[in-house]
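Below is one structure; the comments refer to it alone.
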Amino acid sequence: MTTNTQSFLTEHATSHLMDYQIQKINRQIQDFIHVNQEIDHYHFDVCPKCGKKHPRLIKAGLANSGKQMLKCKDCGKRFVIDRGQLTFYSHQPADKWNELIIDTLEGNSLQHTAASIDVHEMTVFRMRHKFLKFLEDEESPICTQ
Ligand SMILES: [Zn+2]
């Protein structure tokens, strides 16, 4: 399978890395770029931690994943900004979610998805469950504009 991922690494770096490591790093960089680009468009109707409507949110450092965190001034809890609702609280980056969603909609097997996004079948199972539940959920507290 070919990846459309643009390479962010120098020739020197790639000559010392395995293909899957290069792909992993490039995917992660692309994921960061997307999050950074979309960060100003995030809109929270409700705090995902305490459920307060129109919460007052402030930037509150970065998570271990390198993603921006916000802090709710009402409950004092922090949470990670991520691309779209599905990737909230998920350890999987958005590009894996994209592949999983396409695979799910195309009716491909868990094994197929697990192999193509390089995660355990149980993880794919949980992600797929989360995605299908998301489709059923009409009311969603967090949205992008
Ligand atoms: Zn809150």
Side-chain angles (χ1 to χ4, degrees), residues 1-10 13-14 17-18 20-145:
M1 185 188 289
T2 56
T3 56
N4 301 320
T5 318
Q6 169 193 355
S7 184
F8 296 97
L9 297 171
T10 61
T14 53
L17 293 168
M18 311 288 277
Y20 76 92
Q21 293 171 326
I22 294 166
Q23 283 173 19
K24 186 175 175 177
I25 292 167
N26 282 327
R27 274 202 303 264
Q28 194 158 29
I29 291 173
Q30 215 140 36
D31 192 41
F32 285 149
I33 291 172
H34 282 133
V35 170
N36 291 345
Q37 283 169 344
E38 292 179 12
I39 205 161
D40 293 329
H41 304 291
Y42 273 88
H43 169 74
F44 292 84
D45 284 332
V46 176
C47 168
K49 291 292 184 186
C50 69
K52 185 174 192 315
K53 286 188 179 176
H54 311 298
R56 291 168 298 150
L57 302 172
I58 52 168
K59 286 187 180 179
L62 299 174
N64 287 337
S65 62
K67 290 176 182 171
Q68 180 68 53
M69 297 195 81
L70 292 180
K71 184 179 178 183
C72 170
K73 288 184 86 175
D74 296 296
C75 66
K77 288 184 178 152
R78 298 197 303 169
F79 56 94
V80 178
I81 289 192
D82 214 332
R83 292 180 72 194
Q85 300 146 334
L86 282 170
T87 49
F88 266 90
Y89 313 122
S90 167
H91 298 297
Q92 302 302 329
D95 62 337
K96 292 197 177 187
W97 274 105
N98 292 341
E99 279 191 55
L100 173 122
I101 288 166
I102 291 164
D103 264 16
T104 303
L105 296 176
E106 286 180 349
N108 290 324
S109 68
L110 290 178
Q111 290 85 347
H112 178 277
T113 309
S116 71
I117 67 176
D118 192 27
V119 298
H120 196 271
E121 275 173 42
M122 270 313 292
T123 307
V124 173
F125 176 79
R126 281 194 297 267
M127 289 169 78
R128 191 171 283 196
H129 180 77
K130 199 171 174 185
F131 170 58
L132 293 172
K133 194 164 179 310
F134 166 77
L135 288 182
E136 290 169 7
D137 251 358
E138 285 190 6
E139 272 194 359
S140 211
I142 305 154
C143 65
T144 56
Q145 278 184 335

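We count residues from 1, following the sequence as given.
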Pairing residues for Thr123 by the side chain to side chain donor-acceptor pair (under 3.5 Å) criterion, not counting sequence neighbours: none
Point-to-point distance, once rounded to the nearest 0.5 Å, from NZ of Lys52 to SG of Cys50: 7.5 Å
Output all residues satisfying side chain to side chain contact (heavy atoms under 4.5 Å, CB included) with Asn108, sequence neighbours left out; order by chain, then residue number. Asp103, Glu106, His112
In Å and rounded to the nearest 0.5 Å, what is the CG to OG1 distance from Leu100 to Thr104? 4.0 Å
Is it the case that more than 12 heavy atoms not belonging to Lys71 sit under 6.0 Å from its NZ atom? no
Show me the side-chain donor-acceptor pairs of residues 72-79 shorter than 3.5 Å, one per line, residues at least two apart or across chains.
unit_1	atom_1	unit_2	atom_2	d
Asp74	OD1	Arg56	NH2	3.1
Arg78	NH1	Ala60	O	2.9

Flag the pair Met127 / Thr113 as yes when at least one side-chain heavy-atom distance between them is below 4.5 Å, and no otherwise. no
Output all residues satisfying salt bridge (charged side-chain N to carboxylate O under 4.0 Å, His left out) with Asp118, sequence neighbours left out; order by chain, then residue number. none
For Gln21 and Met18, the nearest pair of non-hydrogen atoms, with its separation, is OE1-N, 2.8 Å
Looking at residues at least two apart in the chain, or sitting in another chain, which of them share a side chain to side chain contact (heavy atoms under 4.5 Å, CB included) with Leu9? Ser7, Ala13, Thr14, Leu17, Ile22, Ile25, Asn26
Can you name the closest pair of heavy atoms from Leu110 and Glu121 and give their distance? O-CG, 4.3 Å
Rounded to the nearest 0.5 Å, what's the gap from CH2 on Trp97 to CZ on Arg128? Could you check? 11.0 Å
